[in-house]
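See below for the structure under consideration.
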Amino acid sequence: MKTLIQGGYAVGFNGKEHEVIKDGVVVFENDRVVHVGKQFADPVDRRIDAKGCLVSPGFIDTHFHSGSNAGDYLLNEPDKPDFFASNYLAHGAPTREGGKQAHLKDVDVGQRFSLVHLLKSGVTTTLEIGGPGGDPERYVEMVGALGIRCYTGPSYKNVDFFHDREGRLEYDWSDERGSAGLKGAVDFVKRYHGACGGRVQTMLFPGHVDTCTPELLKETRKAAKELGVRVQIHAAINLIEFHAVMRRYRLTPVELLGKIGFLDPEVSLSHCVFLTGHSWTAYPYGDDLKRITDSGASVAHSPLKYLKIGVAMESFDRYLKAGINVGIGTDTFPKDIISEMRYAALVSRLVDKSFIAGHPRDVFNAATVGGARLIGRDDLGRLQKGAKADITIINLRDIAFGAVRDPIKALVETAAGRDVRTVIVDGEILVDQGTCLRVNEDELIEKLQARAEEIWAGVPKWHWTGKGVDEVLPPAFKMK
Ligand SMILES: [Zn+2]
């Protein structure tokens, strides 16, 4: 079936870079784009009117964790004192006896909700770190039914974290846990790589530089090369990790990865904020940025997660200028990649003290071709003949946008996920008129709220203080 998207601003790809075609057309047949240009004379089976819209390549989310946003809220609320600068540790480290209570990921509600949220904000390909951990078969089935393109695999590490009742962080190391985790991840790759008509692809996701032994990391690279899959690891993501690795090896996290031969173009580093020269590390020695550039590794940048704790990558522009390929991620919540582009741009301006930093062109590239390069795909993140028909249509004809001269600048300056009108993956329309066609959204929201209430009620069972959610995370105002 041949479909023509008519009107608006079509973002074509000329083989080198994006170009915007005013009143353009995008034509796709089955799962492939067949034409992008000013017009198309041949007959088509279906037409989509995109007047006043940006017809964009579907966005690629290079770092994302699914699960109920109730859990993510606990992780992200900025006034949670034990969260400051330690991100996942405050949430991912329950008490020893409460371990099982803290994570209520499930395929039917939390994970489904997350992927629907992503799709509705225009993401057509996501890297879901650790997604299929609990129930791989049903997880893959659910991804298949929703229609999104997903690079995924269970995450693994040597360490289990806990807080003791005084709030002290404990690391439990186990070589066996690490190798069993890697084995499970390799089995997942062998079983599901290319599932759901190729929409499910797999990767290896060792947890973090400070939670895996160098041996496990070396084994990971070896296994990934044998399997022909890519690897992503959380690296340089908080000060605790930076100092833990410094203390153990007298190397920065990036130096350690370089030294053990982990870094190359098939590897991406999530977050990668706390590098030598970053103002928080107060460590002026070495050149982590150059080490990443020389290795060809990519960086998955999720700015909002760090803004929430008052930390910034230093900086998006500096990484690009160093020659590093950067993709955009949404990480936790909200999962709105269009807003993430805006945050990436604005934070770079602030950090660089330059109003010409964080150009809309560069953040749009990061969310499209940058993401595609990170996963080694030249048929994603662009609209040109032969590319996958992964397309996001965003409405720019609204009072909120005023007069539009440059649609990419309008998108980055003003738009949010809620402006996304249509999302197409592999030529299938998954979101139309802002509604996900493959789920009952009302029902999903209702189930999510009920699940969230359960999670909040369960906080005293796993939080080291034993206190209720309103004490751990006081509401903005008194609630009656
Ligand atoms: Zn993460």
Side-chain angles (χ1 to χ4, degrees), residues 60-77 80 83 85-93 102-103 105 110-111 114-115 117-118 123 125-134 139 150-161 181 185 202-212 217 220 230-242 244-245 253-254 257 267-275 297-309 311-313 326-337 340 343-344 366-367 371 374-375:
I60 298 173
D61 187 340
T62 56
H63 187 82
F64 156 81
H65 298 280
S66 77
S68 158
N69 71 322
D72 294 338
Y73 268 135
L74 298 183
L75 171 67
N76 280 312
E77 288 211 10
K80 184 164 178 273
F83 174 43
S86 64
N87 37 41
Y88 70 97
L89 293 174
H91 164 81
H103 304 286
K105 264 191 180 182
Q111 294 190 304
S114 298
L115 290 172
H117 183 17
L118 265 198
V123 170
T125 298
T126 185
L127 269 66
E128 221 229 277
I129 288 85
Y139 172 82
C150 187
Y151 281 68
T152 193
S155 182
Y156 53 90
K157 52 192 187 323
N158 293 99
V159 165
D160 248 2
F161 299 110
T202 60
M203 287 176 64
L204 293 183
F205 296 109
H208 323 80
V209 182
D210 63 333
T211 64
C212 296
L217 296 178
T220 293
R230 299 208 162 204
V231 178
Q232 187 172 117
I233 184 169
H234 293 89
I237 82 170
N238 60 46
L239 265 190
I240 294 176
E241 173 215 358
F242 185 87
V245 175
V254 169
L257 292 178
V267 170
S268 49
L269 306 175
S270 348
H271 312 316
C272 206
V273 169
F274 294 88
L275 304 186
S298 294
V299 167
H301 175 37
S302 304
L304 176 61
K305 169 203 176 99
Y306 284 94
L307 279 176
K308 285 181 176 183
I309 52 167
V311 181
M313 174 191 265
V326 181
I328 302 286
T330 59
D331 199 38
T332 52
F333 191 82
K335 302 170 194 303
D336 179 350
I337 198 160
E340 294 283 352
Y343 299 134
L374 185 146
I375 47 174

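When a ligand or atom number is given, it counts from 1 through the structure's own listing order.
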- [ ] List in chain and number order the residues that pass ring-ring contact (aromatic ring centres under 6.0 Å, His included) with Phe242, two or more places apart in sequence or in another chain; answer none if no residue qualifies.
- [x] Tyr283

- [ ] Check the Zn ion (ligand 1) and write out every protein N, O or S atom at under 2.8 Å, as residue and atom.
- [x] His63 NE2, His65 NE2, His234 NE2

Open item on the list: Just to verify, which of Lys305, Met313, His208 counts as forming a side-chain contact (heavy atoms from CB on, under 4.5 Å) with His271?
Closed with: Lys305

Open item on the list: Just to verify, what does Thr125 make a side chain to side chain donor-acceptor pair (under 3.5 Å) with, not counting sequence neighbours?
Closed with: none

Open item on the list: Please enumerate all residues that pass side chain to side chain donor-acceptor pair (under 3.5 Å) together with Gln232, with sequence neighbours excluded.
Closed with: His63, Ser268, Ser270

Task: Mutual orientation of the aromatic rings belonging to His234 and His65 [parallel < 30°, tilted 30-60°, perpendicular > 60°] - done: parallel

Task: Glu340 side chain vs Ser302 backbone, donor-acceptor pair below 3.5 Å - done: no

